[in-house]
Student: 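Have a look at this one.
If you're wondering where the values come from, they're calculated on a predicted model, not measured in any experiment.
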Amino acid sequence: MDISAYILVVVISYLLGATPSGYLAGMACGIDVRTAGSGNIGATNVVRVLGKRVGAIVLAADALKGFISARWVPLLALWLFPSPGTSRENLALAGGVAAILGHIYTCWLKFKGGKGIATSGGVVLAWAPVACLTALALWGLVLAASKYVSLASIAAAIILPFAVWFGNGHWNGSPTMTYAMAGLSLLAIYKHKANIQRLLKGQESRIGRKKT
């Protein structure tokens with residue numbers, strides 16, 4: 001095993017994940033999204049502040065940086081540091097986790113970033129595509145039924161470890177991926193703690209409505 005490959009993957013993936021897409025999109029439009037709406041730099045708040053078009057771009061960018069970190073950065077590391085003992089799957093795990101942590105705790109914004117849902121989606125798409133599609137389908141169903149983006153995101157976070165676990169014997173997954181996804185899902189739910197409190201109080205904003 002060549003530790004250089006892991007160091008490269010973690011550093012590049014963290015920096016990719018830490019790239020604050022929502023903040024940069026807001027600044028390009030002359031608005032600091034941290035001072036508007038919910039104050040979050042994620043795609044949901046960008047939609048609220050800057051509209052659906054810009055929000056869709058941010059969503060795609062956040063997902064893409066997770067996918068690149070878990071799929072292409074490990075391939076680059078294996079090419080630069082070829083070693084029979086280096087596992088591509090372990091590199092993908094390291095890259096995916098680093099990207100998500102980078103998004104949530106971005107070094108460019110005093111370690112205050114987004115909630116990691118879109119970036120996690122990109123990572124899981126690289127790890128286990130069908131598991132990602134399963135979570136995305138549930139996200140869409142919950143959103144359509146409730147109109148709460150936060151509730152849909154929490155539901156997707158809950159189902160992801162189970163979807164990856166089921167994929168161990170059917171699609172593309174492993175026990176290590178399942179454990180990693182479980183930890184990341186718990187972190188995503190924790191980052192939604194304020195949303196959960198507002199949901200319980202009936203104060204959470206529904207999609208298409210201004211926050212009160």
Side-chain angles (χ1 to χ4, degrees), residues 1-22 41-42 59-136 153 156-192:
M1 182 181 72
D2 193 336
I3 192 65
S4 300
Y6 287 92
I7 293 174
L8 180 70
V9 166
V10 169
V11 170
I12 292 179
S13 298
Y14 173 83
L15 292 175
L16 272 175
T19 303
S21 308
I41 66 169
L59 179 67
D62 286 344
L64 183 60
K65 63 189 185 184
F67 182 84
I68 291 173
S69 298
R71 175 64 63 86
W72 294 336
V73 175
L75 292 177
L76 173 64
L78 286 173
W79 179 67
L80 292 174
F81 303 102
S83 172
T86 303
S87 165
R88 177 180 172 183
E89 179 183 298
N90 288 339
L91 287 175
L93 284 165
V97 171
I100 294 169
L101 292 178
H103 178 80
I104 296 175
Y105 303 107
T106 171
C107 58
W108 310 119
L109 299 176
K110 298 180 179 180
F111 298 97
K112 295 180 180 179
K115 296 174 181 176
I117 297 299
T119 303
S120 296
V123 168
V124 179
L125 182 62
W127 284 356
V130 181
C132 178
L133 295 176
T134 301
L136 181 61
S153 298
I158 291 172
I159 198 65
L160 269 174
F162 298 98
V164 174
W165 169 76
F166 183 80
N168 290 342
H170 298 78
W171 310 321
N172 176 32
S174 73
T176 306
M177 285 184 179
T178 301
Y179 302 145
M181 196 65 253
L184 293 171
S185 294
L186 289 173
L187 178 59
I189 294 170
Y190 169 76
K191 293 294 291 184
H192 280 83

Student: Looking only at heavy atoms, which two atoms of Ala77 and Leu91 are closest? And how far apart?
Tutor: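 Closest heavy-atom pair between Ala77 and Leu91: CB-CD1, 4.4 Å.
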Student: Roughly how far, to the nearest 0.5 Å, is the SG atom of Cys107 from the OH atom of Tyr14?
Tutor: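 It comes to 4.0 Å.
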Student: Taking distance alone, no hydrogens or angles, what donor-acceptor pairs closer than 3.5 Å link side-chain atoms of residues 183-190 to residues at least two apart or in another chain?
Tutor:
residue : atom : partner : partner atom : Å
Ser185  : OG   : Ala157  : O            : 2.8
Ser185  : OG   : Met181  : O            : 2.8

Student: Is the closest side-chain heavy-atom distance between Ile68 and Leu64 below 4.5 Å?
Tutor: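 Of all side-chain heavy-atom pairs linking Leu64 with Ile68, at least one is under 4.5 Å.
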Student: Any donor and acceptor pair, going by atom type alone, linking the side chain of Thr19 with main-chain N or O of Leu15 inside 3.5 Å?
Tutor: yes
Student: Calculate, to the nearest 0.5 Å, the distance between atoms CD1 and OG1 belonging to Ile104 and Thr106 respectively.
Tutor: 11.5 Å
Student: How long is the straight-line distance from OG of Ser13 back to CG of Leu101, given to the nearest 0.5 Å?
Tutor: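 That separation rounds to 11.0 Å.
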Student: Go through the steps to decide whether Ser153 and Lys115 satisfy the test side-chain contact (heavy atoms from CB on, under 4.5 Å), and finish with yes or no.
Tutor: CA-CA 10 Å; Ser153 298; Lys115 296 174 181 176; over 6 Å; no
Student: Which heavy atom of Trp127 sits nearest to which heavy atom of Ala180, and what is that distance?
Tutor: CH2-CB, 4.1 Å
Student: May I ask you to test the Leu76-Val9 pair for a side-chain heavy-atom distance under 4.5 Å?
Tutor: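 A side-chain contact is absent here, since even the closest heavy-atom pair is not under 4.5 Å.
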Student: Considering only residues two or more places apart or on different chains, which pairs with a residue in residues 67-124 satisfy ring-ring contact (aromatic ring centres under 6.0 Å, His included)?
Tutor: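 Residue pairs with at least one partner in residues 67-124: Phe67-Trp72.
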Student: Side chains of Lys65 and Ser21: closer than 4.5 Å at any heavy-atom pair?
Tutor: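 The answer is yes; the side chains approach within 4.5 Å.
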Student: Identify which one of Thr134, Val130, Thr178 satisfies the side chain to side chain contact (heavy atoms under 4.5 Å, CB included) criterion when paired with Val164.
Tutor: Thr178
Student: Side-chain polar contacts of residues 117-125 - donor-acceptor pairs under 3.5 angstrom, sequence neighbours left out - could you list them?
Tutor:
residue : atom : partner : partner atom : Å
Thr119  : OG1  : Asp62   : O            : 3.1
Ser120  : OG   : Gly116  : O            : 2.6

Student: For the OG atom of Ser69 and the CD1 atom of Ile100, what is their distance to the nearest 0.5 Å?
Tutor: 9.0 Å
